[in-house]
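Scroll down for the structure; my scribbles are underneath it.
Chain naming here is simple, since letters A, B, ... match the order of the sequence lines and numbering starts at 1 in each.
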There are 2 protein chains.
Amino acid sequence: MGNTNNHTTSRNCFTCQTRGQTEWCVLSDDELEMVNQGKSCREYLPGETIFHEGDPCGGVHCIEHGLVGIRKMNAGGDEILLRLSHPGDTMGYRSFLGGDAHNNSAEAMEPSVICSIDEATVRKLLSMNPSLGLRFLRHAAEDLNAAEEMALQSATLPVRARFAHLLLVLKDRYGQDGKNGEMTLELPLSRQDMAAMIGIRPESMSRTIRSFEESNVAHFSGRRVHVPNLSGLLDELEIPDGL
Amino acid sequence: MGNTNNHTTSRNCFTCQTRGQTEWCVLSDDELEMVNQGKSCREYLPGETIFHEGDPCGGVHCIEHGLVGIRKMNAGGDEILLRLSHPGDTMGYRSFLGGDAHNNSAEAMEPSVICSIDEATVRKLLSMNPSLGLRFLRHAAEDLNAAEEMALQSATLPVRARFAHLLLVLKDRYGQDGKNGEMTLELPLSRQDMAAMIGIRPESMSRTIRSFEESNVAHFSGRRVHVPNLSGLLDELEIPDGL
DNA sequence: GTCCCTGCTTGATTGCGGTCAAGGTGCTTT
DNA sequence: AAAGCACCTTGACCGCAATCAAGCAGGGAC
């Protein structure tokens, strides 16, 4: 805020704040310079689409700043929000590797700066520096974990439990612990996006929130969530009756 | 059948029939010889567990022969069948890379021969031959695709559509096309395993099957499925009313 | 100001799939 | 042959979440 705006400006990878946390941190200075040359950066406003499901995939996209939602929809038009991607995350590397079209879409959820690195450059880097591939592999492994966990949950747990789980996951990045198990969240998501994350309708999200209010599990005002006692949330995960 | 049985015999990677289709096909002869030394093989009977969720992960497992189901269960004891793994597939590479415990379990669904390759050998190979890592990366990418697809479906589609989709997926490997859109499947799965693949109860699977019979979408006898017309199956995918 | 639009909430109703309970079938064991 | 045991099917019932419909709250355009 209060800063000058850069549109389509060329950013510098060497001074990129997220560099230490990304897969690209394994690159040498020479290699990083290649990225610098081969990339193009752009700003996106909330709601703008970075790539669509089905688009040809001509490279990978690295988030310098902001927040991006990865969405996927089925033939009937129903959409779910698969995950959130943060500064330092690289998107689209998977379709890129398989040579496929994108199989999900990416949309800016906050004002974001995205650097796109073209295909030739990435291929060259992958062959030059094997560590880069291993870094991507580890990243893919984590995503796979999360996706399988999600599949399990939406198949077996009721909505209350799934929502409690979501809040606990979001806590890692957006939560702030208080004393005595208190916790406060400042979410980057609208209600309907939360609904899309656990695969339910906005109406059901609304009812679940009210239900959490009534049982004093969590209190919601706007995008701020207050959890009086973490153990209350944890209890929700184990509802499916005493095994 | 009618063959001699090998228990814990040492198999030879050079003559392994699946070699051409695996990630290991990128290895040189010297490297393959390392695998040969560093591995140990075992037979498993149907129902036997190869590794459990939570087990420490001391290497990777390669399927030489047979069929393996990858399962995952939640705290309440509900279990889903995430995917089937076939000869040539390597299992457990993901937990291996992250240094985590296994986060799902693997169980033989047919008599199977599994070769386990110890940690030190795999790490050495990964650093010697960068292509190996990229192969695993591509494999992970495919699994991720499937997992996200599954998450989307179980969140948005009714049981009939999910089951139809499952049959269509199984068609690729177990189906045989006839004339006029006819199709026959010889499934390797029990009904309850099919139920576990789409995250429903056996009773619901039973009812869905009957419903398919009644509407002449597919006919089931034991593990054999006959589909009189593929388009009937395809129609099921688009139920969620005309958008 | 009014209008419109999007996001959110609430209520009434429905129906899908889970649960519980009771058989049936085929295979192995003894 | 009888018993035991998976696996599967069927019926009756119920509850959760989707659906349909209406209304509210906030924000921007004009």
Side-chain angles (χ1 to χ4, degrees), chain A residues 45-47 69 74 76-81 107 109 152-164 166 187-215 218-225 236 239-243, chain B residues 45-48 69 74 76-81 107 109 152-164 166 187-215 219-225 236 239-243:
Chain A
L45 294 177
N74 68 10
D78 298 308
E79 200 175 53
I80 65 172
L81 183 49
E107 175 196 316
M109 312 202 63
L152 176 62
Q153 300 223 347
S154 66
T156 62
L157 296 184
V159 165
R160 270 181 80 100
R162 304 223 299 278
F163 185 44
L166 175 65
L187 298 178
L189 295 168
S190 67
R191 317 253 147 154
Q192 52 187 3
D193 280 335
M194 287 195 287
M197 285 204 83
I198 57 177
I200 62 173
R201 305 279 149 197
E203 296 96 319
S204 295
M205 172 56 42
S206 198
R207 284 185 239 277
T208 307
I209 285 175
R210 179 153 52 114
S211 152
F212 272 21
E213 295 268 6
E214 283 164 0
S215 51
H219 298 275
F220 301 76
S221 79
R223 294 183 172 191
R224 166 158 299 181
V225 186
E236 296 292 332
I239 301 179
D241 78 289
L243 47 138
Chain B
L45 294 176
E48 271 193 287
N74 70 9
D78 298 309
E79 201 175 51
I80 65 173
L81 183 50
E107 175 196 315
M109 312 203 64
L152 176 64
Q153 301 223 348
S154 67
T156 62
L157 296 184
V159 165
R160 271 182 80 99
R162 304 223 298 276
F163 185 43
L166 175 64
L187 297 178
L189 293 168
S190 68
R191 317 251 147 160
Q192 50 188 2
D193 279 336
M194 286 193 289
M197 284 204 83
I198 57 176
I200 62 173
R201 305 281 149 191
E203 296 96 322
S204 294
M205 174 53 49
S206 198
R207 285 186 239 277
T208 307
I209 284 175
R210 179 154 51 114
S211 151
F212 271 22
E213 294 269 6
E214 283 164 0
S215 51
H219 299 275
F220 301 77
S221 79
R223 293 184 172 192
R224 167 158 301 181
V225 186
E236 296 294 333
I239 301 179
D241 79 292
L243 47 136

[X] [atom1] to [N] [atom2]: how many Å, rounded?
| X | N | atom1 | atom2 | result |
| --- | --- | --- | --- | --- |
| B:Q192 | D:dC5 | CD | C1' | 13 Å |
| B:M194 | D:dC7 | CE | P | 13 Å |
| A:R201 | D:dC20 | CZ | P | 10 Å |
| B:I80 | C:dG18 | CD1 | P | 13 Å |
| A:R207 | C:dA12 | CZ | C1' | 9 Å |
| A:D78 | D:dA18 | CG | C1' | 11 Å |
| A:L157 | C:dG18 | CG | P | 13 Å |
| B:M205 | C:dT19 | CE | P | 15 Å |

Can you find a heavy atom in the side chain of [X] that is under 4.5 Å from one in the side chain of [Y]?
| X | Y | answer |
| --- | --- | --- |
| B:T208 | B:R160 | yes |
| B:E48 | B:E107 | no |
| A:V159 | A:R207 | no |
| A:I209 | A:M205 | yes |

- Quick one: sort the B:F163 and B:F220 rings into parallel, tilted or perpendicular, breaks at 30° and 60°.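 B:F163 and B:F220: parallel rings.
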
- Note on the structure: Among the nucleotides D:dT10, D:dC20, C:dC8, whichever has the atom closest to the side chain of A:E203 is D:dC20

- Of C:dT9, D:dA17, D:dT9, the nucleotide closest to the side chain of A:R191 is C:dT9

- Item | Touch class at under 4.0 angstrom, heavy-atom based, for B:R210 against every strand present |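 Counting heavy atoms under 4.0 Å across all strands, the contact made by B:R210 is with sugar-phosphate only.
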
- Message: Categorize B:I200 for me: base, sugar-phosphate, or nothing, with a 4.0 angstrom heavy-atom threshold over every strand shown.
- Response: sugar-phosphate

- Query: Given that A:A155 and A:D193 both sit by DNA chain C, which one's nearest nucleotide is further toward the 5' end?
  - Reply: A:D193

- Message: Does a side-chain N or O of B:S204 approach OP1 or OP2 of C:dG18 to a distance below 4.0 Å, or not?
- Response: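 Answer yes for this pair, as a side-chain N or O of B:S204 is under 4.0 Å from OP1 or OP2.
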
